[in-house]
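A quick write-up on the structure given underneath.
Each chain gets a letter, A, B and so on, in the order its sequence line appears, and its residues count up from 1.
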Amino acid sequence: MNSAPLPPSPVHDRGSPAQPLLVVRDLKKHFPVRGGPLERTKKFVHAVDGVSFSVPKGKTLGIVGESGCGKSTTARLIARLMQADSGSMVFDGEGVDEFGGIRLKEFRRNLQMVFQDSFASLNPRLTIAETIAYGPRVHGMPAAEAKRQAHDLLARVGLAPAQFASRYPHELSGGQRQRVNIARALAFDPRLVILDEAVAALDKSVQAQVLNLLQELKAERQLTYLFISHDLHVVHYISDYVMVMYLGQVVETGPVERIYGQAAHPYTRALLSAVPSMDPDRRTESSPLAGDPPNPINPPSGCRFRDRCPHAHPVCEARTPALIGIAGEPAHQAACHLNDPASGHPGALPETQA
Amino acid sequence: MSAPLVSLQDLSVQFCGHRKASALNAVNIELGAGEVLGLLGESGSGKSVTLRTLLRLHPERTTKIQGKMQVDGQDVLALKGRALDLYRGGTVSMVFQEPGLAFDPVYTIGQQITEAIRAHEAVGEAAARAQALHMLERVQIPQARRRFDAYPHELSGGMRQRAMIALALACKPKLLLADEPTTALDATVQIQVLLLLRELQRETGMSVIFVTHDIGAAVEVADRIAVMYAGRIVEQAAVGDIVRAPRHPYTVGLLAATVGAEHRGQPLQAVPGAPPDLAALPPGCSFAPRCTHASERCRREVPPLTSLGNRAVACWHPVQPVAEAA
């Protein structure tokens, strides 16, 4: 890139380095479904149903899952773009929007988001320099300084300010627009950046450029990423921790090597083996899962994966498996009766093999 | 082998709306019966334009097509009226990326397949319905009898794409054009549809042109891959040769940009720059501005697609194959 790096941003650390940057507890969001006039019972889409996780400082948490599993809703709930039905968040040791905690306005400055659709998320009537300067100006930065900062940020993301600053979004390509979105997210010196399918709409060669840029920025500014994607290769590449979601719930979470190497949940294993092989001599011969993800309006009782699971047993219907640590590896958690010797599932191992 | 099923010779397509764009530039494709060709490329590389040109779906007034296009012995560019109607869907049929948009929302799946069959074959309503139902069963739609009377919005994405395939295959075409059929689907559903396409191809022996930007998907179904860039084919070879020993710098870059587990912790080998503007293509090789091997000659002359052993490469300085990397 053709620019001098900006001075590293001051990190306003509140908690200790061991304090996770973000802790989410039991987040829930149910959307009501408009029924016909004759329908008595009101239905709900269980978009996010009791999601808890934490993101360590300076790490990347990848969230994967099929469409409709609640990945994006989770991101929007965290960014407070919509109000959660229940649940709480702790940002670097302080409760978000709670008495004595961090105020919402300040929380939002510390958290920025990059969306999938690079065009829809930019104002078509503002030049890209104005777009980037807009947020800081709302928060009280003088116009001249905001403009200078916008130019610096453009240079940092690889768009020469002299050439690009006065262009409008429709004059840029998809990859360039996504760079603008990233620059805008950085304008507040955030500590947490939520990337919601941020590279999904880009071509492969451009996607690699943007992934490299994200990695550089993370090291330079000590950012923490929440990386949401359905592309398992990209998540494997960029994440330190991975969380797998299915129908609004977390089914497995753990360090990336564990998830991709020794997945403990049948759904994770199926999802990973559904990736097309790159070797023409070893093509996939049978599909790991049949059918589509079930409807989130009336999710099955007990384990939500049971009607597609090859190991399903009556106990899976009777009881919901809890997200518990795998023996010997507490950071790796899975919600499956197979991993819980006390569950009563005949296939459950008394001790997980190493 | 006898005459190929599909043969495109120096096919060029130019859109002359308020802005001129050369979408295809002298594309040559030959496809035998029963062969599966994967067309690989980024957006704007001309993959979908090739398919639409094969079906003559472009508006005639603003599209300039040059070159020759023969499918199953017919000169496609000369087809008119009823012959064109029979050609579309009868000889060549297409599966689109967005099955939600390709179906008519106000008719049931069954009605639409039945209608297609009756438009091509002289059969009665009842026989056509039975045939349509049989097609739905063949694409492994569970409870096909119930889904026959479902409207497109009542089906999930994967089901809709299966129904789309059933519709495309209802008149037993000799050539199936698949335009990113699995891009809009989830990973677990994508692999089901890819396996289904492969199985149906084997059963019916039809030829398939499979357009995708995902190398993995192409590897799963195709015998041969043609890599496209800015409206030209830059490399064409058997799947294994493309994946293991690419010769064109663009193919090399595309493969290197495909993220894998082994890249963790290191920056990716990204191809710099962005694809060229089709309205103003550079005079020489269109990949030259992004290429690390580019020379003066690359910027002046367009490299022809020349055969190199068992493959074809359009490059003045093809990359030397490295001894099988570990």
- Task: Name the region of B:Val243, side chain, backbone, both or neither, that has any atom closer than 4.5 Å to a heavy atom of chain A.
- Result: side chain
- Query: Looking at B:Asp223, B:Asp186, B:Ile191, which has the largest count of heavy-atom pairs under 4.5 Å with chain A?
  - Reply: B:Asp186
- Note on the structure: So, the part of A:Ser273 with a heavy atom under 4.5 Å from chain B: the answer is neither
- Task: Report the residues that fulfil ring-ring contact (aromatic ring centres under 6.0 Å, His included) with B:Phe15, sequence neighbours left out, ordered by chain and then residue number.
- Result: B:His58
- Pick whichever of A:Arg308, A:Gln215, A:Arg282, A:Glu285 has the most heavy-atom pairs under 4.5 Å with chain B. A:Glu285
- At a heavy-atom separation under 4.5 Å, does B:Ala256 approach chain A through its side chain, its backbone, both, or neither? neither
- Item | Among A:Asp231, A:Val206, A:Val234, A:Thr284, residue most engaged with chain B (heavy-atom pairs, under 4.5 Å) | A:Thr284
- Message: Give the interface residues of residues 242-256 of chain A toward chain B, defined by a heavy-atom separation under 4.5 Å.
- Response: A:Val256
- Below 4.5 Å from any heavy atom of chain A, which atoms of B:Gln190 appear? Answer side chain, backbone, both or neither. side chain
- In terms of heavy-atom contacts, A:Ser287 and B:Gln192 come closest through OG-CG, 3.2 Å
- Item | For A:Glu66 against B:Val189, the heavy-atom pair lying closest together | OE2-CG2, 4.4 Å
- Query: Listed by residue number, which members of residues 224-236 of chain B have a heavy atom under 4.5 Å from any heavy atom of chain A?
  - Reply: none
- Using non-hydrogen atoms only, which part of A:Asp279 is less than 4.5 Å away from chain B: side chain, backbone, both, or neither? both
- Item | Shortest non-hydrogen contact from A:Leu271 toward B:Ala187 | CD1-CB, 4.5 Å
- Query: Which atoms of A:Leu211 come close to chain B, meaning under 4.5 Å heavy atom to heavy atom: side chain ones, backbone ones, both, or neither?
  - Reply: side chain
- Message: Does any part of the side chain of A:Arg283, heavy atoms only, come nearer than 4.5 Å to the side chain of B:Leu194, both counted from C-beta?
- Response: no
- Task: Name, in order of residue number, those residues of residues 196-205 of chain A that have a heavy atom at a distance of less than 4.5 Å from a heavy atom in chain B; otherwise write 'none'.
- Result: A:Asp203, A:Lys204, A:Ser205
- Message: Taking every non-hydrogen pair under 4.5 Å, which of B:Ile215, B:Val271, B:Val239, B:Thr188 racks up the most with chain A?
- Response: B:Thr188
- Message: Which heavy atom of B:Ala217 sits nearest to which heavy atom of A:Pro276, and what is that distance?
- Response: N-CB, 3.9 Å
- Output yes when a side-chain donor or acceptor of A:Asn212 lies under 3.5 Å from a complementary backbone atom of B:Leu268, and no otherwise. yes
- Using non-hydrogen atoms and a 4.5 Å limit, figure out which bit of B:Leu195 sits close to chain A: side chain, backbone, both or neither. side chain
- Item | Atom group of B:Leu255 that falls short of 4.5 Å from chain A, counting heavy atoms | side chain
